[in-house]
Amino acid sequence: MDANSTQPAPGGHVRPDPNDPTRPKRGLTPDDLATHDTVFRPDLLAGHRILITGGGSGMGKAAAFLAARLGAEVAICGRNADKLAVTRDQIHAATGREVMTAAMTIRDPEACEALIASIHDRMGGLDTVVNNAGGQFPQDAIDFSRKGWLAVIDTNLNGTWWMMQEAAKRWRDSGTPGHVINIVANVERGMPQAAHTCAARAGVIYLSKTVATEWAPFNIRVNCIGPGVIETEGFGVYPEEALVRFHKANPMKTRGNAWDVAEAIAYLASPAGRFVNGDLLVIDGGQAQWGVVWPGGMPDYFNEDGAA
């Protein structure tokens, strides 16, 4: 079957054939993460201390694997202690390196403060914070509940800010350099059916650009990475009939994977990224110039020949 192979589903929608090898994947396996080729030398991040939020799965897990493989001291946090423990053990098995884990929610500013303090105590400092934790669900904006809206804003905007601010205060007070990498989204053309996360991610992007200037006197850099359609476990929240179209929203007509983002994080955290500040690195196959992803499924109103 070719990459566009589909079968009918109730309601006239389309679903990928479950046996189609080009069906959207739900992330990379631990073996993939342990052995995937990288352009970087094995000691690129030796001694570098990095915290990755949402490190138990998806892009955060891939970033943690790669950082450990490159010699970094890694800490990961997230809400699910079991996921964190599995990732910790898998990284140890693959690299022999120990990974610090912390089960917490970034929505709680006191928990963020305690985590940053704990990392400084246990690792002797912190060099890079990767704000990868977040979440959203596909829905038309007019139907958002107040609780749903607040949950996404509180995680994706406020939680990111609590982590940024606590890390920056520590770096300022100790007179040591630091770096924040915020995982956001490409919001330039809006995000239909994901307006809540679009609002939050846009806030993070322009917050990052602002404090990249404010914090430059403290030798603190702040950058963002905007992934496009990336195959991770997060695909599980989207209907299959929407997933089948995701790759059509970029001119390369393909999907990225978590390793694409992990290597971008490694670049920005490495000495090669030392002069990058206040920037947004978009990893989307050109989607910003081409099409729109409809995470809940393209409405019939927009479903015309040639539409992405």
Side-chain angles (χ1 to χ4, degrees), residues 1 3 5 16-46 48 50-78 80-101 128 130 132-135 181 183 185 225-238 240 243-244 246-247 250 252-270 281-285 287:
M1 296 182 182
S5 156
D17 186 323
N19 299 314
D20 184 348
T22 67
R23 183 173 180 260
K25 299 179 177 62
R26 302 304 193 272
L28 298 170
T29 69
D31 286 343
D32 291 334
L33 297 173
T35 61
H36 204 299
D37 288 342
T38 177
V39 299
F40 300 118
R41 69 174 192 261
D43 64 344
L44 179 71
L45 296 179
H48 195 89
I50 187 168
L51 165 64
I52 302 167
T53 71
S57 62
M59 294 181 290
K61 182 173 183 175
F65 256 88
L66 181 57
R69 285 176 53 183
L70 299 179
E73 297 179 50
V74 179
I76 58 176
C77 68
N80 189 314
D82 292 339
K83 280 187 179 180
L84 295 173
V86 169
T87 296
R88 176 199 63 206
D89 294 345
Q90 290 171 346
I91 291 175
H92 180 72
T95 68
R97 303 191 65 84
E98 300 294 336
V99 173
M100 176 180 168
T101 66
T128 296
V130 180
N132 167 75
I181 301 172
I183 307 302
I225 293 175
V229 175
I230 304 294
E231 293 178 318
T232 71
E233 298 92 319
F235 269 14
V237 305
Y238 304 116
E240 290 279 1
L243 287 174
V244 75
F246 276 13
H247 68 287
N250 69 75
M252 295 178 70
K253 294 189 177 181
T254 190
R255 296 174 289 269
N257 62 44
W259 203 253
D260 297 318
V261 178
E263 293 217 302
I265 292 170
Y267 159 70
L268 288 174
S270 78
L281 174 57
V282 177
I283 305 174
D284 72 347
Q287 179 183 313

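Note: hydrogens, waters and symmetry copies are ignored here, and every other heavy atom, side chains too, is used. Given the structure is predicted, the values throughout are model-derived calculations rather than measurements.
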Q.
Under the criterion side-chain contact (heavy atoms from CB on, under 4.5 Å), I'd like the reasoning laid out for Arg97 against Val74: C-alpha separation, chi angles, the key distance, then a yes or no.
A. CA-CA 9 Å; Arg97 303 191 65 84; Val74 179; over 6 Å; no
What is the distance from atom [atom1] of [X] to atom [atom2] of [Y], rounded to the nearest 0.5 Å?
X      : Y      : atom1 : atom2 : result
Asn80  : Thr101 : CG    : OG1   : 11.0 Å
Ile183 : Leu281 : CD1   : CG    : 9.0 Å
Asp284 : Ile225 : CG    : CD1   : 13.0 Å
Ile76  : Ile50  : CD1   : CD1   : 11.5 Å
Leu33  : Thr95  : CG    : OG1   : 12.0 Å

Residue pair [X] / [Y]: nearest heavy atoms and the distance that separates them:
X      : Y     : result
Phe65  : Ala94 : CE2-CB, 4.0 Å
Leu84  : Gly55 : CD2-C, 4.4 Å
Ala266 : Leu45 : O-CD2, 4.4 Å
Lys61  : Gly56 : CD-O, 3.7 Å
Val99  : Arg88 : O-CG, 3.5 Å
Ile91  : Ala68 : CG2-CB, 3.5 Å

Who passes side-chain hydrogen bond (donor to acceptor under 3.5 Å, both in side chains) against [X], sequence neighbours left out?
X      : value
Thr38  : Glu263
Asp32  : Thr29
Thr128 : His48

Flag the pair Glu73 / Glu98 as yes when at least one side-chain heavy-atom distance between them is below 4.5 Å, and no otherwise.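 Side chain of Glu73 against side chain of Glu98, heavy atoms only: no contact under 4.5 Å found.
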Would you say the side chain of Phe40 lies within less than 4.5 Å of the side chain of Arg69, judging by non-hydrogen atoms?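 Arg69 does not reach Phe40 side chain to side chain.
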query: Does any N or O in the side chain of Asn132 come within less than 3.5 Å of the main-chain N or O of Gly54, such that one atom is a donor and the other an acceptor?
result: yes
| query | With distance as the sole test, does Trp259 use its side chain to make a donor-acceptor pair with the main-chain N or O of Leu66 at under 3.5 Å? | reply | no
Handout entry: Under the side chain to side chain contact (heavy atoms under 4.5 Å, CB included) test, residues paired with Ala133 that sit two or more places apart
Key =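 With sequence neighbours excluded, Ala133 shows a side chain to side chain contact (heavy atoms under 4.5 Å, CB included) to Thr53, Ile106, given in chain and number order.
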Side chain to side chain contact (heavy atoms under 4.5 Å, CB included) filter on Asp260, not counting sequence neighbours, yields Asn257, Ile283
- Message: Under the rule for salt bridge (charged side-chain N to carboxylate O under 4.0 Å, His left out), what residues qualify as partners of Arg41, not counting sequence neighbours?
- Response: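 With sequence neighbours excluded, Arg41 shows a salt bridge (charged side-chain N to carboxylate O under 4.0 Å, His left out) to Asp43, given in chain and number order.
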